[in-house]
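Structure record follows, encoded as structure tokens.
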Number of protein chains: 2
Amino acid sequence: MQQKIPAVTPDTFDTSGFIPRANSLAGSVYEAIFAQLMTLKIPPGTRITVDNLVRELNVSQTPIREALGRLEGEGLVVKTHLIGFSAAPQITRRRFDELYQLRLLLEPDSAARAAIAMDDVKLSALRAAAGLMGRREGGDERLRYSTFARQDAMFHDKILEIAGNELIREALNHQHTHFHIFRLMFHSRVTEEALDEHEALLAALEAGDGPAAERAMRVHLEHSRDRLLPAFD
Amino acid sequence: MQQKIPAVTPDTFDTSGFIPRANSLAGSVYEAIFAQLMTLKIPPGTRITVDNLVRELNVSQTPIREALGRLEGEGLVVKTHLIGFSAAPQITRRRFDELYQLRLLLEPDSAARAAIAMDDVKLSALRAAAGLMGRREGGDERLRYSTFARQDAMFHDKILEIAGNELIREALNHQHTHFHIFRLMFHSRVTEEALDEHEALLAALEAGDGPAAERAMRVHLEHSRDRLLPAFD
DNA sequence: CAATATAAAATCCTATAGGATATGGGATTG
DNA sequence: CAATCCCATATCCTATAGGATTTTATATTG
């Protein structure tokens, strides 16, 4: 157990009081594997070898198996008995279409609800999330997309939070939408037209205009889908 | 490793060929714990003790921790570092409302899609699922509800399957809707008015009438929600 | 009696070990 | 040369062990 595992993060508060509770090894291993999946260090469909992780992360098999079990439960990893674990496969075109169908059913409705629930505090938080995305960070293009993708996810998540249905928010998060999209686009040049669409969405949310917010979200998702489709060619 | 774990089930086919692949211990443990959660043998919110399961299931800690990790990933179990695992809490009224909001966004649309996709084979499978539910099995009332709830779940799931969006189907299944509802009602007398609503739904589906199927599903879900609400009093 | 302190027991968490199974490389055969 | 076989190695899977932490029971104090 050494430096390969992220440092203990004592800012994780336990739910029963005010004393920070250190992260477990299994928890840290989960995060490390998740990061490797996200950055395609473990490519889609490839084997995840427990013994390799033991060597790489310098921990025993036990927390690794537990973390992989959790990732299995989340659908990010697939397990076959006696063969082991592998990364869930790359999202297929079919799956992508289904995902956007789900998003189109849930997110416009949530945008409308968020518009109705909008107030100054929430709007300011939302603007902060949107503002982060507009900022052009330095560094290479992939890092910029990485940042953009993470902040795009935060922006959408903030709208879901304001909409007020935690279960729907979690259901969407569970699909790891942004995870899949990020991996899909990881090797691509990407255009950031989303920013204009976000502005239109923000304006509707700011105005507390439910139907307009719903329309803006629908348009944004349809364009987002269409922008991503070439990745399947 | 003894009789407490379900017998090896060689009817699990591996994806790469035709030779049955036995279930892993971790897999069997997962199923055993899931069953205990479902039947409230492990009540909502209570501690799940690894060492107790070791004794009860007569397997070592390793597959138990892995199975619990998977259940954690599925949200059915909560883990706190150094304290251990516990069953996810009973669904709250808030959560229940959110769940029905999700269902009302997704299932009527799916019913409409299923109506459009309907053919004789699918209809026959759906009727079989509905027919099972109408049958009054013997045994005590709770067993009858248990059977009803399982078959209700299968009926709804069959509609989702016919609708053709596997991701939405999985997203709804991931919420373990019927699991939660089942647990909620486990100690209650229940009325089986759902059957009439199912008949109306079936008629619309049979007729290939998308809008009617959507309406019938919406009505059914609203009534289902209202029937279940007293459980929170 | 209630509150506090202490000790014992239970449990959590992880490392290690070892048998079973799968995989990959080299040798052999046709 | 391709196909098959055999063996060594790697990996999977689970059991066991032991130190750390939490929980529970008991003793002590005011």
Side-chain angles (χ1 to χ4, degrees), chain A residues 1-6 8-10 12 14-33 42 45-72 77-87, chain B residues 1-6 8-10 12 14-33 42 45-72 77-87:
Chain A
M1 206 294 296
Q2 224 78 27
Q3 69 262 43
K4 289 291 177 69
I5 295 292
V8 170
T9 58
T12 303
D14 83 55
T15 56
S16 60
F18 303 100
I19 307 298
R21 187 171 286 266
N23 215 11
S24 64
L25 264 196
S28 300
V29 169
Y30 168 86
E31 283 159 16
I33 299 171
I42 302 174
T46 61
R47 289 282 308 284
I48 300 174
T49 314
V50 174
D51 287 8
N52 276 349
L53 285 172
V54 167
R55 289 185 290 266
E56 181 182 331
L57 302 182
N58 200 14
V59 299
S60 78
Q61 298 156 354
T62 314
I64 289 172
R65 294 194 74 83
E66 189 181 319
L68 285 168
R70 184 171 156 203
L71 286 160
E72 184 195 359
V77 151
V78 176
K79 178 189 171 183
T80 311
H81 183 38
L82 297 178
I83 290 178
F85 294 88
S86 38
Chain B
M1 205 298 291
Q2 222 78 24
Q3 70 264 44
K4 290 289 178 71
I5 294 292
V8 168
T9 58
T12 301
D14 84 53
T15 57
S16 60
F18 304 100
I19 309 297
R21 187 170 287 267
N23 214 11
S24 63
L25 263 194
S28 301
V29 170
Y30 167 88
E31 283 160 17
I33 298 172
I42 301 174
T46 61
R47 289 281 308 283
I48 300 174
T49 316
V50 173
D51 285 8
N52 277 348
L53 285 172
V54 166
R55 288 185 290 268
E56 183 182 332
L57 301 182
N58 199 15
V59 299
S60 80
Q61 298 156 352
T62 315
I64 289 173
R65 295 195 71 84
E66 188 180 318
L68 285 168
R70 183 171 158 204
L71 286 159
E72 181 194 6
V77 151
V78 175
K79 177 189 171 186
T80 311
H81 185 37
L82 296 179
I83 291 181
F85 295 87
S86 38

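Every chain is numbered from 1 and lettered A, B, ... according to where its sequence line falls, protein lines coming before strand lines.
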Please determine if a side-chain N or O atom of A:S60 lies less than 4.0 Å away from the OP1 or OP2 oxygen of C:dA15. yes

Looking at every strand, decide which applies to B:T62 at a 4.0 Å heavy-atom threshold: base, sugar-phosphate, or nothing. base

Closest listed nucleotide, where the reference is the side chain of A:N52 and the choices are C:dT11, D:dT11, D:dC13: D:dT11

From the options D:dT11, D:dA15, C:dT11, select the nucleotide whose nearest atom is closest to the side chain of B:D51. C:dT11

Any idea which of D:dT14, C:dC12, C:dA15 is nearest the B:T49 side chain? C:dC12

Spacing of CD1 belonging to B:I64 relative to CG belonging to B:L71, to within rounding of 0.5 Å: 12.0 Å

Nearest 0.5 Å please: distance from the OG1 atom of B:T62 over to the CG atom of B:L25. 10.0 Å

Report yes if at least one side-chain N or O of A:R65 is closer than 4.0 Å to OP1 or OP2 of C:dA15; otherwise report no. no

Within this structure, what is the CD-CG distance for the pair A:Q61 and A:L68, rounded to the nearest 0.5 Å? 11.5 Å

Looking at every non-hydrogen atom in both residues, tell me the closest pair between B:F85 and B:G69 and how far apart they are. CE2-N, 4.3 Å

Spell out protein contact along nucleotides 18-25 of chain D as letters: B when the base is contacted, S when just the sugar-phosphate is, - when no protein heavy atom is under 4.0 Å; keep the 5' to 3' order. ---SS---

Whole-Å distance separating the CG atom of B:N58 from the C1' atom of D:dT16: 14 Å

Atom pair CG (A:L53) and CD1 (A:I42), whose distance is rounded to the nearest 0.5 Å: 6.0 Å

Where is the tightest heavy-atom contact between A:A67 and A:A26, given as atom of each residue plus distance? CB-O, 3.6 Å

